[in-house]
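The structure appears below as structure tokens.
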Amino acid sequence: MDRWDRAGRIAAYGAALALTPYLLIKVSWVVGSLLGLLPVGTGFGKAEWVVINSATIGMAGIGIAVALALVRPWGMCIPAAPLAFCAWVGTGFLVPVLPYAVLSSLLGSEDGNPKSGSDAGPSMPVWEAALVQIGFVGMGLGLAIALPTYLRRRWPDAFAGRLGGGGEGSPRALPWMAVVGAAVGLIWLYWAVGGTAGVAHRGERDLAWHVLSGVFGLWAFVASAATWAAVRGRPARVPRWGPMVLGWLGSGSLFAWSGWKLPFTLYLAVAQPANEALPENLALAAVLHLAAVWAGAAMLRALVRTRLVSSNS
């Protein structure tokens with residue numbers, strides 16, 4: 001076992017350990033609300049609160065299982081596709097927003113998790129908010145270290161070689177998923193710098209919304225540029241691992257965050273709760289999230305196909 005494997009082993013166990021308190025907190029929220037011991041979150045009925053927090057319980061459980069799979073021997077034996085998909089979604093959720101999460105905790109934010117309508121507890125004490133913060137940051141950092149070491153063990157040649165070395169798509173082929181991703185990112189960046197077109201409730205905008213719009217917009221551009229480079233094989237001689245890693249993270253961010261926000265946006269459009277609203281127009285937000293989910297999935301498929309063709313050439 002070399003130093004990279006040792007680092008990956010520590011990171012994987014650390015990620016699983018860091019996210020465990022978050023899982024237990026969410027279980028307590030669900031059980032407490034069902035028993036009438038804890039209030040539900042603002043803007044939710046009991047059924048909606050239980051459903052959305054049960055979903056995060058499942059996500060946390062999968063995240064812990066993925067972290068362990070990256071280090072335990074059985075992780076080398078299970079089918080690659082579901083493990084890679086879960087790891088892609090997990091890194092897409094956590095790694096791109098790590099700088100924001102760390103900064104928000106240093107500035108004393110109540111919850112480093114980007115607003116999603118589910119993790120703002122009805123009366124979250126400081127110690128609970130700290131455990132939630134540690135869970136997200138710890139899992140993100142752990143996956144960022146453990147996943148590459150796992151890929152290195154299971155697929156040693158996954159990111160080998162350079163662009164233009166054969167296997168890339170035709171230079172005339174236009175990767176439309178990169179175009180769509182860039183368009184979505186442009187709108188998010190427009191909102192981040194204060195643009196008001198498409199914003200229905202200007203008073204709902206706060207600093208976190210602007211920062212996160214900028215973060216997601218930048219990652220959308222990163223994903224688009226990386227996918228474009230990998231598919232077209234340009235610029236030539238650039239190490240392939242760069243576009244592959246950036247494309248992996250950026251496409252995962254598009255898919256995971258918009259896939260998470262889309263149901264919440266649709267819920268607000270249908271239920272129209274009195275105490276909950278998004279700054280952006282709900283119809284436009286839904287279209288953007290749908291486009292981002294499609295673009296993220298299509299980017300991953302393009303990256304995988306590009307690498308498979310390159311490996312066989």
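- Under a hydrophobic-cluster definition in which Ile, Leu, Val, Met, Phe, Trp and Tyr are linked whenever side-chain heavy atoms come within less than 4.5 Å, directly or via other members, Leu186 and Val287 are assigned to different clusters.
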Evaluate side chain to side chain contact (heavy atoms under 4.5 Å, CB included) for Thr91 paired with Leu249, printing each intermediate quantity in order. CA-CA 6 Å; Thr91 53; Leu249 291 174; 4.0 Å; yes
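- Linking ILVMFWY residues whenever their side-chain heavy atoms come closer than 4.5 Å, directly or via other members, leaves Leu262 and Leu282 in distinct clusters.
- Counting all heavy atoms, side chain and backbone alike, Tyr22 lies closest to Ala60 at CD2-CB, 3.9 Å.
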Please walk me through it: do Val293 and Leu254 pass side chain to side chain contact (heavy atoms under 4.5 Å, CB included)? CA-CA 6 Å; Val293 168; Leu254 280 168; over 6 Å; no
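- Taking the ring pair (Phe, Tyr, Trp, His ring centres under 6.0 Å) definition, one finds that Phe85 meets it with Trp88, Phe255, sequence neighbours left out.
- One hydrophobic cluster holds both Leu300 and Ile62 under the rule that ILVMFWY side chains link at heavy-atom gaps under 4.5 Å.
- When every heavy atom of Ile145 is checked against every heavy atom of Ala7, the shortest pair comes out as CG2-O, 3.9 Å.
- Without hydrogens or angle criteria, His210 side chain to Trp191 main chain gives a donor-acceptor distance under 3.5 Å.
- For Leu37, the side-chain contact (heavy atoms from CB on, under 4.5 Å) partners are Leu35, not counting sequence neighbours.
- How far CE of Met299 is from CH2 of Trp294: 8.0 Å, rounded to the nearest 0.5 Å.
- Among the candidates Asn53, Val132, Val31, the single residue satisfying the side-chain contact (heavy atoms from CB on, under 4.5 Å) test with Lys26 is Asn53.
- Under 3.5 Å, the side chains of Glu280 and Trp188 contain no donor-acceptor pair of N or O atoms.
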Evaluate the side chain to side chain contact (heavy atoms under 4.5 Å, CB included) criterion for residues Arg205 and Thr196: first the C-alpha distance (whole Å), next the side-chain angles of each, then the deciding distance (0.1 Å), finally the verdict. CA-CA 10 Å; Arg205 297 178 299 175; Thr196 58; 3.7 Å; yes
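- A distance-only check finds a donor-acceptor pair linking the side chain of Tyr190 to the backbone of Ala197 [under 3.5 Å].
- Ser33 contributes a side-chain N or O that, together with a main-chain N or O of Val30, makes up a donor-acceptor pair within less than 3.5 Å.
- Counting heavy atoms from C-beta outward, Phe264 and Leu278 have side chains that approach closer than 4.5 Å.
- If you chain together hydrophobic residues whose side chains sit under 4.5 Å apart, Leu212 and Trp257 fall into the same group.
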Could you check Val184 against Phe216 for side chain to side chain contact (heavy atoms under 4.5 Å, CB included), going step by step and ending with a plain yes or no? CA-CA 9 Å; Val184 172; Phe216 295 135; over 6 Å; no
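- Between the side chain of Ser213 and the main chain of Ala192, no donor-acceptor pair closer than 3.5 Å is present.
- Heavy-atom minimum distance, Pro239 versus Pro243: O-CD, 3.3 Å.
- Nearest heavy atom pair, residue Ala15 against residue Met139, reads CB-SD, 3.4 Å.
- In terms of heavy-atom proximity, Ala292 sits nearest to Ser258 at CB-OG, 3.2 Å.
- Rounding to the nearest 0.5 Å gives a distance of 12.5 Å between CD1 of Ile134 and OG1 of Thr20.
- Rounding to the nearest 0.5 Å places CG of Leu17 at 10.0 Å from CG of Leu68.
- When atom types are taken as modelled, the side chain of Tyr150 and the backbone of Gly75 share a donor-acceptor pair closer than 3.5 angstrom.
- The CG atom of Leu143 sits 9.5 Å away from atom CG of Leu98, with the distance rounded to the nearest 0.5 Å.
- The minimum heavy-atom distance linking Ala12 with Ala67 is given by the pair CB-O, 3.3 Å.
- In this structure, CZ in Phe221 is found 7.0 Å from OG in Ser224, a value given to the nearest 0.5 Å.
- Panel note: side chain Trp248, backbone Ala223; no donor-acceptor pair is recorded below 3.5 Å.
- Tyr267 and Val270 sit in two unconnected hydrophobic clusters of ILVMFWY residues. Membership requires side-chain heavy atoms under 4.5 Å apart, directly or through other members.
- Note that OG1 of Thr227 is 9.5 Å distant from CG of Leu246, once rounded to the nearest 0.5 Å.
- Applying the side-chain hydrogen bond (donor to acceptor under 3.5 Å, both in side chains) criterion to Arg153, with sequence neighbours excluded, gives no partner residue.
- You'll find the side chain of Val199 stays beyond 4.5 Å of the side chain of Asn281, heavy atoms only.
- Between Trp49 and Trp29, the ring centre distance stays below 6.0 Å.
- Phe93 and Trp260 have perpendicular rings, their planes meeting at more than 60° on a 0 to 90° scale where under 30° would count as parallel.
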